[in-house]
Amino acid sequence: MVRKRNPDLTKREILAAAHKEFCERGFDGARVDRIAASAGANKRLLYHYFGNKEDLYRQVLSDAYRTIRAGERELSLDQFPPEEAMDRLVRFTFRHFQQNPWFIRLLTTENMHHARILKTLPEIKDLHSPLVAQIRTLIERGARAGVFRKDVDPVQLYISIAALGYFYLSNIYTLSTIFDTDLSHITLIQEREAHAVAMVLDYLRTHTDT
């Protein structure tokens, strides 16, 4: 039996195979032959749908950013009080890195190449502008409520939020060796997440001298 041609399914299978290949082997180590074989697709068909290897990697990278931005939108932070909303954003960011280690590997690959492909994604700024606006609004709501400082740069804040999870999880094996502690243990993962939330909220909160 010959499988009936289904372009949409074939594209999804190629993308899934490409996602795995690029995340496991990086851009330089990835091979189109392996991607096609894993997807059960003809290599010519792969080129027909996605162009060359770089174009395929570009699609995988774009999808990765779209996924995390979509998750942030689904948080619907505007419906929560400022402190709770920020707590949810920090935990979501931390858990996205934890639950999707492939994302860390993909970001590492792109940074090794000085964001060469990321710079070519026309949608990347539009993807991030709503996130910055959302954080700015959250800070402003907190300031009006008297619980957050006013002098907070939303971009710097997001970089710090991401860093608190990214560094820990991307370096978890070396840090575990250095400190002779299994930092991948669920208890320590949870402690780190709580620590990240506390760090961000303590930075944002207004403080009065006593």
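For Lys11 and Phe50, the positive end is not near the middle of the six-membered ring at less than 6.0 Å and at most 45° from its axis.
Sequence neighbours left out, the pairs with a member in residues 146-169 that pass ring-ring contact (aromatic ring centres under 6.0 Å, His included) are Phe97-Tyr166. Each side chain to side chain donor-acceptor pair (under 3.5 Å) pair with one or both residues in residues 14-25, not counting sequence neighbours, appears once here: Glu21-Arg25, Glu21-Arg34. The salt bridge (Lys or Arg N to Asp or Glu O under 4.0 Å) pairs that include a residue from residues 118-134 are Arg66-Glu123, where partners are two or more places apart or lie in different chains.
Partners of Asp33 according to the salt bridge (charged side-chain N to carboxylate O under 4.0 Å, His left out) rule, which considers only residues two or more places apart in sequence or in another chain, are Lys43. Remark: Arg105 engages no residue in a salt bridge (charged side-chain N to carboxylate O under 4.0 Å, His left out) (not counting sequence neighbours). Under the rule for a side-chain hydrogen bond (donor to acceptor under 3.5 Å, both in side chains), the partners of Ser184 that lie at least two apart in sequence or sit in another chain are Asp182. Residues forming a salt bridge (charged side-chain N to carboxylate O under 4.0 Å, His left out) with Arg136 (at least two apart in sequence, or on another chain): none. Annotation: ring-ring contact (aromatic ring centres under 6.0 Å, His included) contacts of His128 (sequence neighbours excluded): Tyr65. Listed by chain and residue number, nothing satisfies the side-chain hydrogen bond (donor to acceptor under 3.5 Å, both in side chains) test with Gln190 (two or more places apart in sequence, or in another chain). Here Arg58 pairs with Glu54, Asp55, Thr120 under the side-chain hydrogen bond (donor to acceptor under 3.5 Å, both in side chains) rule; sequence neighbours left out. Residues satisfying the salt bridge (charged side-chain N to carboxylate O under 4.0 Å, His left out) test with Asp151, not counting sequence neighbours, are Arg149.
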Run the side-chain donor-acceptor check on residues 139-146: report pairs under 3.5 Å with partners two or more places apart or on a different chain.
unit_1	atom_1	unit_2	atom_2	d
Arg141	NH1	Phe80	O	3.1
Arg141	NH2	Leu77	O	3.2
Arg141	NH2	Phe80	O	3.0

